[in-house]
Each structure stands twice: as structure tokens, then as C-alpha cells.
Q: 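Have a look at this one before I ask anything.
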Amino acid sequence: MKMLRQIAVVLLLCGSVMAGEGRDFSSLYDRATLEKWQASFRDDITLMFQGDILPALTPEEKSVLAGVRLDFPQVGNGRGVFDFYAGDRTITLSIVSLRFFADLALAYSWLNANGYNTETVQQYVGMIHYQPRTAFVGGAYPRPLDALGIPANVRDDPRVMKNFSELFSTTVFFLIGHELGHLRHGHRGYAGVSGLDARKHEAEADAFAVELMRRKRVVPAGPLFWFSSAAVIEPHRIDFASEQAWERYFLGQTHPLSAARIDALTKQFEAAAPDFAKSQPDPQRGLQQMLKLITNFRTVSTMLSDEGVHRLFRRQSETSEPRMLAPRRTVAYQAPAVAPARHQPFDGTYDCVVARGNAAVDVRVTFRRTGNDAIGDYTYGTTAGKFRGVVEGDKFTGTWTEGAVTGHASFTAALDGYAFSGNFWVKSPETILGRWIGTRKP
């Protein structure tokens with residue numbers, strides 16, 4: 001896929017899912033900048049379309065799709081950051097959307113290459129989704145690279161460029177393949193279409209894109225990153241006052257995103273995994289990488305289906321600030337050189353690190369013991385929550401609550417009550433939200 005990699009490099013050298021009802025992201029990048037990028041996106045993605053994608057079509061598919069063209073307006077009809085759609089034999093990819101996703105992929109690649117938490121990328125997307133433009137300095141949404149603290153010389157690192165190229169180019173391949181799938185199957189939009197048919201159309205378009213990627217042996221690292229971002233910025237059932245309001249919104253979208261859709265896509269990638277692996281220098285290692293990608297796809301499904309997880313993420317997004325997104329490494333607890341005096345476990349104030357994947361958040365919790373009963377109040381940023389539970393020996397078992405979100409926690413004390421560690425989750429211990437590590441303040 002040399003041509004795909006060249007596209008990503010050229011775009012960097014140059015410099016529809018709507019994010020919330022009524023949100024307008026068309027001013028995220030100034031017009032002069034969009035004009036400068038427009039020609040490069042148009043020329044290089046068209047080159048990929050003609051040189052990589054169209055040759056992968058069967059003769060019958062080429063006949064049905066003859067005359068399909070790409071269009072690159074500066075701003076899409078939805079005025080969002082993920083505006084990609086098809087109609088009238090035209091596939092539209094807005095420049096705002098292409099640049100936005102390229103910046104997310106570049107930020108992720110730099111953070112990953114330098115050992116920083118990559119979850120801040122999704123936290124940024126959640127922040128601009130759940131907060132209005134007026135909440136930010138100057139009344140403007142911060143751009144991804146600025147908000148995430150990515151250095152100006154990010155493009156000088158070949159490791160970053162290689163990873164970025166894979167993420168961005170394979171995503172563009174998938175998105176174009178998906179829109180071709182709509183045209184191939186004669187989908188006419190979703191006006192007056194039932195929810196069942198809308199989901200069927202998306203599944204057919206996804207399957208067509210996966211098949212094109214299988215034919216060209218394009219490993220789907222990019223689509224995983226794409227759907228992880230889309231799952232964050234896509235309105236969720238909890239964002240609507242009623243099931244009827246949610247259904248009306250869902251049917252009005254050209255690309256409805258659901259856990260069922262991700263599950264179906266995961267099965268398609270799983271079935272094609274051996275073919276993807278054959279394109280790698282080490283097929284066996286390539287197969288293991290594919291299986292890891294497939295496992296990660298399932299976490300996107302959880303994000304979409306678990307209302308508790310989404311409520312917690314929404315609460316965090318509503319109180320996030322750009323300063324909270326600065327590059328950071330996960331902090332590991334280190335025991336003190338000299339064991340402290342004994343303390344009653346889960347009683348007093350603890351400074352904690354809560355790790356979720358590669359991300360970490362500093363949290364302070366104050367426990368109060370009455371016999372074996374324990375109540376804990378914790379804060380991080382502008383968010384507050386509460387623990388309630390029972391202590392048996394060195395173990396705390398109980399529940400946590402943040403606003404309308406509630407779940408479970410299990411912590412174990414160590415070092416004579418000076419420290420504790422453990423997990424918290426919403427529904428079951430098998431789907432933990434993160435791990436707590438706390439040390440007691442003197």
C-alpha cells in the first residue's frame with residue numbers, strides 16, 4: 001500500500017456523524033487553512049481511489065459503480081467533524097473532517113510512540129462533544145494538536161509518521177469503501193426508512209468495505225481508531241429525554257452507530273483475519289495482531305451498549321478542560337523505603353492514581369470508618385463521587401456513585417493500612433473501568 005502511505009505524508013507536509021445536535025464545527029479551522037489543504041486532499045485521495053480501490057472491484061461492481069466520483073467541500077452538510085456521506089453517485093469527504101481525523105491520528109501516534117497516555121485523544125473528543133464552543137477561551141473550540149499538547153516538530157519522528165500513515169490511510173480506505181457499499185447496494189438515504197432497514201444498510205456497506213480491505217490486504221488498524229472516536233462523539237441514548245426522541249434522531253442519521261453494528265463488523269474482520277495476516281512479513285505474528293485488534297473492537301461495542309459507562313464518560317467530558325489533556329504518563333505506586341506506622345485500613349485521606357488503559361487520573365478520597373462500615377468521598381477535577389461499603393479485614397467491598405451513575409468497587413489494603421489498590425466497574429468485575437492505587441496522607 002505504498003500509495004496510501006504517500007498520501008498521508010503529503011497531507012502532513014501541507015500542514016456523517018454530527019457531534020451533538022445543533023453543533024457547528026465548521027470554524028474549527030480557518031478558511032485560508034482549509035483552502036490550502038483542499039487541493040492536497042482532493043488530488044492524493046483521488047489518486048488512492050483510482051489506484052488502490054477501484055482496481056479491487058470485480059467487473060460486475062465496476063459496472064454498477066461506473067461514474068462514481070469524489071467531492072471535497074471545505075465543510076460538509078452536517079457541519080460536523082465526521083462528515084462523510086454518499087449520494088447521487090458522489091462520495092463526499094469534507095476537508096474539515098479529513099483534517100480533524102488526521103490531527104487525531106497524528107496526536108495518537110505521537111503519544112503512543114513517546115510512552116504517553118493515548119486515552120487523552122478520546123477525552124478531547126468527548127470534551128468538544130459535550131461542551132459548547134462558548135465554554136472555551138475566545139469562544140472557539142481548541143484544535144486537537146493544540147489541546148493535546150503535541151509538539152510542532154511532531155512530523156520529524158519517523159516512528160510517529162509510520163503509525164500515523166497506517167491509521168489515516170486505512171481509515172480513508174474503509175470510509176470510501178463503506179460509501180461505495182451504499183452506492184453498490186442502491187441505498188437511497190434514510191428518509192422514511194425504518195430503524196431495522198437503516199441498520200441493515202449500514203451492515204451491508206460495512207461488509208462491502210471489509211471485503212475491499214480483505215482483497216487488498218489492508219490491515220484495519222485505522223478503522224478501529226475511527227470507530228473508537230466515533231463512539232465517543234456520536235450521540236448516545238442517554239443524551240435524549242425519551243426513547244422516541246432517540247429513535248427519531250437515530251433514523252435521521254446517515255450512518256447510525258450502534259453496538260450491534262460494531263459486533264457485526266467485528267465478526268467480519270475476524271472471518272477475514274487469516275487473509276489480512278498473509279500480507280504481513282510474519283503471517284503468524286500478523287494473525288496475532290489482527291486478533292488483538294478484534295478484541296479491541298469489542299471494547300467499542302461495550303462503550304456503545306453500556307449506559308453506565310457512557311454516563312460516567314459524559315460526566316467526565318462535561319467537566320474536562322484543555323489543561324487536563326496535557327501529555328501524561330501512567331503513574332505507578334512505589335512503596336516507601338521505611339514502613340509507616342500502622343493505620344486502620346480505609347480510614348483517612350488518600351492520594352490516588354486511577355488508571356484506565358494507558359490513561360491515569362489523580363484522585364483524592366477521604367474514607368470515614370464506623371466499625372466495619374466505610375464511606376468515602378472522592379474528587380478529581382470538578383467531579384465528585386462517593387463510596388459506600390464494608391471492610392472485612394484488609395478488604396473494602398462496596399458501591400460508588402457519580403451523579404446518576406453507580407457501580408461497584410473492590411479494594412485491598414496493604415502496608416498496615418498505608419496504601420490500597422483494586423478495581424471499580426459498572427456491571428461486572430470482568431468489565432472493569434480502571435484500577436485504583438492509593439497512598440494515605442500523614
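Source: prediction; values computed, not measured. Numbers here simply count residues along the sequence, with the first being 1.
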Q: Is any side-chain heavy atom of Arg155 less than 4.5 Å from a side-chain heavy atom of Leu106?
A: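 Contact flag for Arg155/Leu106 side chains = yes.
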Q: Answer with yes or no whether the side chains of Asp24 and Ser26 bring together a donor and an acceptor at under 3.5 Å.
A: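 A pair is found: one side chain offers a donor N or O, the other an acceptor, under 3.5 Å apart.
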Q: Mind checking the CG-CG spacing from Leu104 to Leu167? Nearest 0.5 Å is all I need.
A: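 Leu104 atom CG to Leu167 atom CG measures 10.5 Å (nearest 0.5 Å).
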Q: May I have the step-by-step check of side chain to side chain contact (heavy atoms under 4.5 Å, CB included) for Val218 and Leu212, ending in yes or no?
A: CA-CA 8 Å; Val218 180; Leu212 290 182; over 6 Å; no
Q: For Thr134, give me all partners under side chain to side chain donor-acceptor pair (under 3.5 Å), at least two apart in sequence or on another chain.
A: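 Scan of Thr134 (side chain to side chain donor-acceptor pair (under 3.5 Å), adjacent residues dropped) gives none.
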Q: Give, for atom OG1 of Thr33 and atom CD of Gln38, the distance between the pair rounded to the nearest 0.5 Å.
A: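 Reported to 0.5 Å precision, the distance equals 12.5 Å.
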Q: Just wondering, do Leu175 and Trp226 contact through their side chains at under 4.5 Å, heavy atoms?
A: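 Trp226 reaches Leu175 side chain to side chain.
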Q: Show your working on side chain to side chain contact (heavy atoms under 4.5 Å, CB included) between Lys216 and Phe173 and close with a plain yes or no.
A: CA-CA 10 Å; Lys216 296 293 291 186; Phe173 191 106; 3.8 Å; yes
Q: State, to 0.1 Å, how close Phe49 and Leu180 come at their nearest heavy-atom pair, and which atoms those are.
A: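 For Phe49 versus Leu180, the nearest heavy atoms are CE1-CD1, 4.1 Å.
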Q: Would you find a donor on one side and an acceptor on the other, under 3.5 Å apart, between the side chain of Arg261 and the backbone of Ala203?
A: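 The answer is no, because no donor-acceptor pair under 3.5 Å joins these two groups.
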Q: Heavy atoms only: give me the nearest Leu148-Ala107 pair and the separation to one decimal.
A: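 Looks like CD1-CB, 3.7 Å.
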Q: Using modelled atom types only, decide if a donor and an acceptor are shared between the side chain of Tyr85 and the backbone of Asn77 within a distance under 3.5 Å.
A: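 Confirmed, Tyr85 side chain pairs with Asn77 backbone.
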Q: Would you say Glu402 and Tyr380 make side-chain contact, with heavy atoms under 4.5 Å?
A: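 SC-SC contact between Glu402 and Tyr380 confirmed.
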Q: For side chain to side chain contact (heavy atoms under 4.5 Å, CB included), just list the numbers for Gln74 and Ser94, CA-CA rounded to whole Å, side-chain angles, deciding distance to a tenth of an Å, and then say yes or no.
A: CA-CA 5 Å; Gln74 290 185 12; Ser94 82; over 6 Å; no
Q: Does Arg143 pair with Asp103 as a salt bridge, N-O distance under 4.0 Å?
A: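 The answer is no: the pair does not qualify as a salt bridge.
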Q: For Tyr124, what residues pass the ring-ring contact (aromatic ring centres under 6.0 Å, His included) criterion, not counting sequence neighbours?
A: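 Result, ring-ring contact (aromatic ring centres under 6.0 Å, His included) vs Tyr124: none returned.
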Q: Side chain of Thr171, backbone of Gly222: donor and acceptor closer than 3.5 Å?
A: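 Such a contact is found between Thr171 side chain and Gly222 backbone.
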Q: If only atom types and distance count, is the side chain of Trp400 paired as donor or acceptor with the main-chain N or O of His408 below 3.5 Å?
A: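 Side chain of Trp400 to backbone of His408: a pair is present.
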Q: Can any side-chain N or O of Asn114 pair as donor or acceptor with the backbone N or O of Tyr116 at less than 3.5 Å?
A: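 No, because the side chain of Asn114 does not come within donor-acceptor range (under 3.5 Å) of the backbone of Tyr116.
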Q: Can you check whether Asp156's main-chain N or O pairs, donor with acceptor, with Asn153's side chain at less than 3.5 Å?
A: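 Not a single qualifying donor-acceptor pair exists.
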Q: Which residues satisfy the side-chain contact (heavy atoms from CB on, under 4.5 Å) test with Pro274, sequence neighbours excluded?
A: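 Applying side-chain contact (heavy atoms from CB on, under 4.5 Å) to Pro274 gives none.
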Q: Verify the distance criterion only: is there a donor paired with an acceptor across the side chains of Ser109 and Asn112 at less than 3.5 Å?
A: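 The answer is no; no qualifying pair exists.
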Q: Measure across Ser27 and Arg133 and return the closest heavy-atom pair with its distance rounded to 0.1 Å.
A: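 Here Ser27 and Arg133 meet closest at OG-NH1, 3.8 Å.
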Q: Please test Lys162 against Glu166 for salt bridge (Lys or Arg N to Asp or Glu O under 4.0 Å), starting from the C-alpha separation and ending with a verdict.
A: CA-CA 6 Å; Lys162 181 178 184 297; Glu166 293 172 353; 2.9 Å; yes
Q: Between Thr120 and Gln123 (side chain of the first, backbone of the second, donor and acceptor by atom type, cut-off under 3.5 Å), is there such a pair?
A: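 No: the side chain of Thr120 does not pair with the backbone of Gln123.
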Q: Got a sec, which residues hit side-chain contact (heavy atoms from CB on, under 4.5 Å) with Ser317, two or more places apart in sequence or on another chain?
A: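 By the side-chain contact (heavy atoms from CB on, under 4.5 Å) rule, Ser317 matches Tyr130, Phe313.
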Q: Can you tell if the side chain of Phe101 reaches within under 4.5 Å of the side chain of Leu93, non-hydrogen atoms only?
A: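 Result no, sub-4.5 Å side-chain heavy-atom pair not found.
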Q: Do Gln131 and Tyr141 have a side chain donor and acceptor closer than 3.5 Å?
A: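 No, Tyr141 and Gln131 have no side-chain donor paired with an acceptor closer than 3.5 Å.
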Q: Got a sec, which residues hit side-chain contact (heavy atoms from CB on, under 4.5 Å) with Asp282, two or more places apart in sequence or on another chain?
A: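 Asp282: side-chain contact (heavy atoms from CB on, under 4.5 Å) contacts with Gln284, Arg285.
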Q: How close do His178 and Asp206 get, heavy atom to heavy atom, and via which atoms?
A: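 That would be ND1-OD1, 2.8 Å.
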Q: So, Phe227 versus Phe174, ring centres under 6.0 angstrom or not?
A: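 Ring centres of Phe174 and Phe227 closer than 6.0 Å.
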Q: Identify, with sequence neighbours excluded, every residue that meets salt bridge (Lys or Arg N to Asp or Glu O under 4.0 Å) alongside Arg89.
A: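 For Arg89, no residue satisfies salt bridge (Lys or Arg N to Asp or Glu O under 4.0 Å) once neighbours in sequence are set aside.
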Q: Between Glu204 and His185 (side chain of the first, backbone of the second, donor and acceptor by atom type, cut-off under 3.5 Å), is there such a pair?
A: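 Not at all, since once roles are kept as given, no pair shorter than 3.5 Å links the two residues.
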Q: Closest approach of Pro142 and Met127, non-hydrogen atoms and distance?
A: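 That would be CG-CE, 4.1 Å.
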Q: Could Glu61 and Arg215 be called an ion pair, given the rule that one side-chain N must be under 4.0 Å from one carboxylate O?
A: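 Between Arg215 and Glu61 there is a salt bridge, with a charged N closer than 4.0 Å to a carboxylate O.
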Q: With side chains defined as the heavy atoms from C-beta onward, is the minimum distance between Asp43 and Thr46 less than 4.5 Å?
A: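 Heavy-atom side-chain distance check fails, nothing below 4.5 Å.
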Q: Would Thr379 and Arg364 count as having a side-chain donor-acceptor pair, cut-off 3.5 Å?
A: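 Short answer, no.
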Q: What are the two closest non-hydrogen atoms of His201 and His182, and how far apart are they?
A: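 Closest approach of His201 to His182, heavy atoms only: O-CE1, 3.8 Å.
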Q: Does Ala86 offer a backbone N or O that forms a donor-acceptor pair with the side chain of Thr90 under 3.5 Å?
A: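 Not confirmed, Thr90 side chain does not pair with Ala86 backbone.
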Q: Which residues pass the ring-ring contact (aromatic ring centres under 6.0 Å, His included) test with Phe387, sequence neighbours left out?
A: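 Partners of Phe387 by the ring-ring contact (aromatic ring centres under 6.0 Å, His included) criterion, ordered by chain and then number, come out as Phe367, Tyr378, Phe411, Trp436.
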Q: With distance as the sole test, does Asp83 use its side chain to make a donor-acceptor pair with the main-chain N or O of Gly80 at under 3.5 Å?
A: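 Pair found, side chain donor or acceptor close to backbone of Gly80.
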Q: Phe72 versus Ile45: any side-chain heavy-atom pair under 4.5 Å?
A: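 Yes, their side chains come closer than 4.5 Å.
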Q: Quick one: side chain to side chain donor-acceptor pair (under 3.5 Å) partners of Glu60, sequence neighbours excluded?
A: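 With sequence neighbours excluded, Glu60 shows a side chain to side chain donor-acceptor pair (under 3.5 Å) to Arg184, given in chain and number order.
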Q: Determine, stepwise, if the pair Asp362 / Asp351 fulfils side chain to side chain contact (heavy atoms under 4.5 Å, CB included).
A: CA-CA 7 Å; Asp362 295 326; Asp351 285 332; over 6 Å; no
Q: Identify, with sequence neighbours excluded, every residue that meets side-chain contact (heavy atoms from CB on, under 4.5 Å) alongside Thr401.
A: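 If we apply the side-chain contact (heavy atoms from CB on, under 4.5 Å) test to Thr401, skipping adjacent residues, the hits are Thr406.
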Q: In Å, rounded to the nearest 0.5 Å, how long is the span from OG of Ser40 to CG of Leu98?
A: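 Here the interatomic distance stands at 11.5 Å.
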Q: Can you list the residues that meet the ring-ring contact (aromatic ring centres under 6.0 Å, His included) rule with Phe100, with sequence neighbours excluded?
A: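 Listed in chain order: Phe82.
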Q: Taking the side chain as everything from C-beta on, heavy atoms only, tell me whether Phe25 gets closer than 4.5 Å to Ser97.
A: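 No, their side chains stay 4.5 Å or more apart.
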Q: If we count only N and O atoms by modelled type, under 3.5 Å, do the side chains of Tyr108 and Glu119 hold a donor and an acceptor together?
A: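 No, because no side-chain N or O of Tyr108 sits under 3.5 Å from a partner of the opposite role on Glu119.
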Q: What about the rings of Trp110 and Phe164, do their centers lie closer together than 6.0 Å?
A: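 They do not qualify: ring centres at least 6.0 Å apart.
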Q: Does the side chain of Val354 reach to within under 4.5 Å of the side chain of Ile437, using non-hydrogen atoms?
A: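 When only atoms from C-beta onward are counted, Ile437 and Val354 do not touch, as no gap falls below 4.5 Å.
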Q: What pairs with Arg314 under side chain to side chain donor-acceptor pair (under 3.5 Å), at least two apart in sequence or on another chain?
A: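 Result, side chain to side chain donor-acceptor pair (under 3.5 Å) vs Arg314: Asp239, Glu318.
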Q: Let me have the donor-acceptor pairs involving side chains of residues 264-271, under 3.5 Å, with sequence neighbours excluded, atom names and distances please.
A:
unit_1, atom_1, unit_2, atom_2, d
Thr266, OG1, Ile262, O, 2.8
Glu270, OE1, Arg298, NH2, 3.3

